[in-house]
Amino acid sequence: MNIIQIDLHVIEMELVAPFVTSLGSVSRRKGILVEAHDQSGLTGYGEAVAFSTPWYTEETVDTCFHMLKDILAPLLLKTAFSHPEEAAKRMSAVRKNPMAKAALDMAVWDLYAKKKGVPLAQVIGGTRKEVLAGIAVGAATTEEILAQIKQAQQDGYKRVKVKIGPENDLERIQAIRETYPDMAILADANSSYSSNEEKLDALDQFDLQMIEQPLHQDDLVQHAALQKKLKTPICLDESITSFHAAWSAIQLGSCQAINIKIGRVGGVTEALRIHDLCVKEGIQVWCGGMLEFGVSRAHNIALATLKGFSIPGDISSSARYWKQDITTPEVKVNQGIVQPFQEAGIGVEIDWERVEEVRIHHEVLK
Ligand SMILES: [Mg+2]
């Protein structure tokens, strides 16, 4: 591969409905679409999934733009390499900034699969013919959440993830459990609890599929102590920023599940390593979502064809979030199932008319 030009498109779109978590509410979403143009004329696509403000991790759209333009793109431009792992290795000289790295790493993997003329899922060893999709519900009130779960169930989703925090958790989970006794429910706390809160023990009675990231992202030791006390599996999200973080968490017994997000862990290359580690160590994995656009969504679907992804991820229909996505065809979930794309690479085309409607900045790097 010989990348001769990288394009960065900063886009901004309004969500169909605001997404509320314990750390903030998102109603407009910015992101960066990355194009990597190869000498051969092929183009790979990636997406920087950081939010506009650092409420989820420390990265933002602006920090990603700076890292991509000034630091990372120059490492890959015009110096040939033969495999995406080589590109990832070059970028590993830069500390942290996983979402910026992931945007380029995704584009390189897409390009690599397109050069081979096969779907990305096949290149990375994916074997699942169907990808399991769940839904993440983020709303301000319990009534709104119940209404959204009702809709999700009618649409055939078999797992819902709800956002909780110490101020609303018990009444919220109890209300959902009473209405939906058999539904797989995952409760995501986005680090909103402290380690000595008894409320976490109380959540153990509701037969939750998992509790996601109850404590601070740096608290692997406290998560290990909590996991010893709870029968409900703990799933780590924000804590897992790399293969090394995943390895440390597993060694300490901090979790029984890991939510793999390509952006948060630094790219497809690192996501594959974490997946393989989890399979080897008997840790459940599923694919997390970032309220992303169609490019990252297509990468998620390819990743979730790997055998370890045995439980539904946050892979929802594009229409749940966007009036019109930037890719075609859009992602469609049918009865909790997504069919992987069959075309080469990530299998979707960019809808350039739509990109132009929502683009706020375009930069060409050579
Ligand atoms: Mg989460």
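These values consider heavy atoms only, across backbone and side chains, with no hydrogens, waters or symmetry-generated copies.
- A distance of 11.0 Å separates NZ of K158 from CG of D155, quoted to the nearest 0.5 Å.
- Of the N and O atoms on the side chains of Q5 and D7, at least one donor lies less than 3.5 Å from an acceptor on the other residue.
- Taking the centre of each ring, W286 and H275 stay at or above the 6.0 Å mark.
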Checking E357 against R354 for the salt bridge (charged side-chain N to carboxylate O under 4.0 Å, His left out) test, could you report, in this order, the C-alpha distance in whole Å, the side-chain angles of both residues, the deciding distance, and whether it holds?
CA-CA 5 Å; E357 276 171 16; R354 181 60 176 156; 2.7 Å; yes

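- Looking at S310 and Q284, their side chains never bring a donor and an acceptor atom within 3.5 Å of each other.
- With rounding to the nearest 0.5 angstrom, the CE atom of M91 is 7.0 Å from the OG1 atom of T269.
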Step by step, would you call I211 with C235 a side-chain contact (heavy atoms from CB on, under 4.5 Å)?
CA-CA 6 Å; I211 298 178; C235 171; over 6 Å; no

Would I185 and V162 count as a side-chain contact (heavy atoms from CB on, under 4.5 Å) here? Give the steps.
CA-CA 7 Å; I185 300 170; V162 292; 4.2 Å; yes

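- Residues Q39 and N2 bring a donor and an acceptor atom of their side chains to less than 3.5 Å of each other.
- In this structure, E59 contributes its side chain and M99 its backbone to a donor-acceptor pair below 3.5 Å.
- When atom types are taken as modelled, the side chain of S239 and the backbone of Q217 share a donor-acceptor pair closer than 3.5 angstrom.
- A salt bridge (Lys or Arg N to Asp or Glu O under 4.0 Å) with D201 is found for one member of K229, K228, K231 and no other, namely K229.
- Proximity of Y157 to S317: side-chain heavy atoms (C-beta onward) are separated by under 4.5 Å at one or more points.
- Transitive grouping of hydrophobic side chains (ILVMFWY, heavy atoms separated by less than 4.5 Å) keeps M210 and L215 in distinct clusters.
- Grouping the Ile, Leu, Val, Met, Phe, Trp and Tyr side chains by contacts below 4.5 angstrom, directly or via other members, places L291 with I360.
- No side-chain heavy atom of D219 sits less than 4.5 Å from a side-chain heavy atom of V221.
- Residues V34 and I32 have side chains in contact (heavy-atom distance under 4.5 Å, counting atoms from C-beta outward).
- In this structure, the side chain of E212 does not engage the main chain of A187 through any donor-acceptor pair within 3.5 Å.
- Between the side chains of E292 and N300, a donor-acceptor pair is found at a separation under 3.5 Å.
- Interatomic distance, H66 NE2 to L72 CG, rounded to the nearest 0.5 Å: 9.0 Å.
- For Q154, the CD atom sits in a packed shell: over 12 heavy atoms of surrounding residues, nucleotides or ligands are nearer than 6.0 Å.
- The distance from atom CD1 of I3 to atom CG of L111, rounded to the nearest 0.5 Å, is 6.0 Å.
- Taking 4.5 Å as the limit, every side-chain heavy atom of E130 sits out of range of all side-chain heavy atoms of V338.
- Remark: the backbone N or O of G345 is not paired with any side-chain donor or acceptor of D110 at under 3.5 angstrom.
- Heavy atoms from other residues, nucleotides or ligands lying under 6.0 Å from CD of Q205 number more than 12.
- F51 carries R29 over the face of its six-membered ring, with the cationic atom under 6.0 Å from the centre and within 45° of the normal.
- S242 is not listed as a side-chain neighbour of W247, based on a closest heavy-atom distance of 4.5 Å or more.
- Under 3.5 Å, the side chains of S194 and E197 contain a donor-acceptor pair of N or O atoms.
- Relative ring orientation between H362 and H9 is described as parallel, the plane-to-plane angle staying below 30° on a 0-90° scale split at 30° and 60°.
- For the 3.5 Å distance criterion, the side chains of Y112 and D38 fail to qualify, holding no donor opposite an acceptor.
- Residues V331 and F341 have side chains in contact (heavy-atom distance under 4.5 Å, counting atoms from C-beta outward).
- Here the options are Y321, W322, Y45, the test is ring pair (Phe, Tyr, Trp, His ring centres under 6.0 Å), and the partner is F293; only W322 passes.
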From CA spacing to verdict: side-chain contact (heavy atoms from CB on, under 4.5 Å), V348, D325:
CA-CA 11 Å; V348 293; D325 207 339; over 6 Å; no

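- For the side-chain contact (heavy atoms from CB on, under 4.5 Å) with T305, the qualifying choice from K129, R128, Q122 is R128, the only one to do so.
- Linking Ile, Leu, Val, Met, Phe, Trp and Tyr residues whenever their side-chain heavy atoms come within less than 4.5 Å places L230 and I283 in a single cluster.
- Between L104 and L75, every side-chain heavy-atom pair lies at or beyond the 4.5 Å cut-off.
- Heavy atoms of other residues, nucleotides or ligands lying less than 6.0 angstrom from NE2 of H244 number 12 at most.
- Checking N97 against E58 by side-chain atom types alone, no donor-acceptor pair falls below 3.5 Å.
- For the pair R273 and F243, the distance from NZ or CZ to the six-membered ring centre is under 6.0 Å and the angle to the ring normal is within 45 degrees.
- Placement of I240 and L186 in two distinct hydrophobic clusters is found when ILVMFWY residues are connected by side-chain heavy-atom separations under 4.5 Å, directly or transitively.
- Listed for the R28 side chain is no donor-acceptor partner under 3.5 Å among the backbone atoms of L15.
- A distance of 10.5 Å separates NE2 in H37 from CG in L77, rounded to the nearest 0.5 Å.
- T142 and E171 form a side-chain donor-acceptor contact under 3.5 Å, judged by distance and modelled atom types alone.
- Qualifying side-chain hydrogen bond (donor to acceptor under 3.5 Å, both in side chains) partners for D169, counting only residues two or more places apart in sequence or in other chains: Y193, K199.
- For the pair D314 (side chain) and G289 (backbone), a donor-acceptor distance under 3.5 Å is present.
- Note on I311: it does not cluster hydrophobically with Y180, by side-chain heavy-atom contacts below 4.5 Å among ILVMFWY residues.
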CA sep, side-chain torsions, deciding dist, call: D237, R264, side-chain contact (heavy atoms from CB on, under 4.5 Å)
CA-CA 9 Å; D237 175 356; R264 196 197 61 234; 2.5 Å; yes

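- In this structure, the side chain of K114 engages the main chain of T43 through a donor-acceptor pair within 3.5 Å.
- Listed for the T79 side chain is no donor-acceptor partner under 3.5 Å among the backbone atoms of L76.
- Looking only at distances, no side-chain donor or acceptor of R359 sits under 3.5 Å from a matching main-chain atom of E12.
- Between the CD atom in E85 and the CD atom in E270 there is a gap of 10.5 Å [rounded to 0.5 Å].
- At a threshold of 4.5 Å between non-hydrogen side-chain atoms, the residues L120 and W109 count as touching.
- For the residue pair N190 and E238, a side-chain donor N or O sits within less than 3.5 Å of a side-chain acceptor on the partner.
- The nearest pair of heavy atoms linking V49 to M290 is O-CE, 3.2 Å.
- Using a 3.5 Å distance cut-off with no hydrogens or angles, the side chains of D351 and T328 do not pair a donor with an acceptor.
- Looking only at distances, a side-chain donor or acceptor of Q227 sits under 3.5 Å from a matching main-chain atom of I234.
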